[in-house]
Amino acid sequence: DSVVTDIKISETVRRRNNSVTRVVAQYVMSVGNEHVFGGTGAWSIQSAALFKRLRRTSAGAADSADLPQTHGDEHADLRHPYPPNVVISAPEYTHDRSAVSASLIVDRTHPHFFDHPCGHVPGMLLLEGCAQLSLGAVAQAGLAPSRRAAIIAYDIDFTQFGECSLPT
């Protein structure tokens, strides 16, 4: 079967100098003739100057320069025996099993999440970590067969940068 992603841009916002600042698009993914996923995405595009200002104001930005930079190898023991696309540590439950948590594995050598130089934790990596933790908790609780559980929507706003060198 073929996988097709249809993306339709519904809104484009531009600055006075005609540079694009925001794009909103609807997308539908199909496998063969079956619609398997759809949603709306909004992307804000910042100038280099604004990007630098946001980085300076992020939590821990001043401290992160003093910490050693990670390269992924130090987390190899967390992934073993998991496949390389597992991006969270083993989930840990509270004593009454009312909450579950895990640490995000920030592997800067991952070819998808770090396909270009990036000084912060990519939003897609954060979303994948949330998905893996959620689906794992649902499967562990026996709420749905693991092959039937799926993330069908996100409603999230990233309010600051996650620094690669700080615990996440």
Side-chain angles (χ1 to χ4, degrees), residues 3-13 20-31 34-46 50-51 54-55 57-61 64 69-76 78-80 82-94 98-141 143-168:
V3 176
V4 176
T5 304
D6 183 27
I7 301 171
K8 293 182 181 162
I9 296 175
S10 60
E11 178 185 352
T12 303
V13 178
V20 176
T21 60
R22 180 175 164 86
V23 175
V24 179
Q26 280 73 42
Y27 44 94
V28 174
M29 181 180 287
S30 302
V31 176
E34 182 182 354
H35 168 84
V36 295
F37 184 80
T40 301
W43 294 267
S44 297
I45 303 163
Q46 290 90 20
L50 177 57
F51 187 81
L54 290 169
R55 289 299 305 273
T57 62
S58 70
S64 68
Q69 296 298 307
T70 59
H71 299 287
D73 295 346
E74 66 276 7
H75 292 296
L78 293 175
R79 287 192 306 262
H80 183 74
Y82 303 112
N85 288 328
V86 172
V87 300
I88 59 170
S89 64
E92 296 179 15
Y93 290 84
T94 57
S98 63
V100 61
S101 64
S103 293
L104 189 68
I105 299 170
V106 180
D107 179 356
R108 291 187 185 193
T109 65
H110 195 286
H112 175 74
F113 299 113
F114 289 91
D115 63 339
H116 62 279
C118 188
H120 62 278
V121 177
M124 291 307 296
L125 177 56
L126 291 167
L127 293 175
E128 180 60 22
C130 290
Q132 289 182 15
L133 182 59
S134 299
L135 292 171
V138 166
Q140 179 78 16
L143 298 174
S146 60
R147 300 193 87 170
R148 298 287 300 157
I151 304 296
I152 58 167
Y154 284 102
D155 184 5
I156 189 165
D157 289 315
F158 296 110
T159 59
Q160 65 186 40
F161 284 93
E163 300 293 339
C164 289
S165 54
L166 295 176
T168 307

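- For I105 against V86, the heavy-atom pair with the smallest separation is CD1-O, 4.3 Å.
- Nearest heavy atom pair, residue A102 against residue P91, reads CB-CA, 4.2 Å.
- Shortest non-hydrogen contact noted between A42 and V24 is CB-CG2, 4.1 Å.
- Taking the six-membered ring where the residue is Trp, H112 and H110 present perpendicular rings, their angle passing 60° and hence far from 30°.
- In this structure, the separation between CH2 on W43 and CD1 on I9 is 8.5 Å, given to the nearest 0.5 Å.
- Minimum interatomic distance between R108 and C164 (heavy atoms only, all atoms of both residues): NH2-CB, 2.7 Å.
- The side-chain hydrogen bond (donor to acceptor under 3.5 Å, both in side chains) test applied to S10 returns Q26, not counting sequence neighbours.
- A parallel orientation is assigned to the rings of F37 and Y27, their planes being inclined by less than 30° (bins at 30° and 60°).
- Legend: side chain to side chain donor-acceptor pair (under 3.5 Å) pairs involving residues 115-129, not counting sequence neighbours, sorted by first then second residue: E128-Q132.
- Within the 3.5 Å criterion, the main-chain N or O of S89 finds no donor-acceptor partner in the side chain of S103.
- For the pair T21 (side chain) and V13 (backbone), a donor-acceptor distance under 3.5 Å is present.
- Counting heavy-atom neighbours within 6.0 Å of E92 CD, excluding the residue itself, gives a total of 12 or less.
- With sequence neighbours excluded, no residue satisfies ring pair (Phe, Tyr, Trp, His ring centres under 6.0 Å) with F114.
- Nearest heavy atom pair, residue F113 against residue V87, reads CE1-CG1, 3.7 Å.
- Note that the OH atom of Y93 and the OG atom of S101 stand 10.0 Å from one another [nearest 0.5 Å].
- For the atom pair I156 CD1 and L126 CG, the distance stands at 7.0 Å (nearest 0.5 Å).
- Listed here is the closest heavy atom pair of L135 and A150: CD2-N, 3.8 Å.
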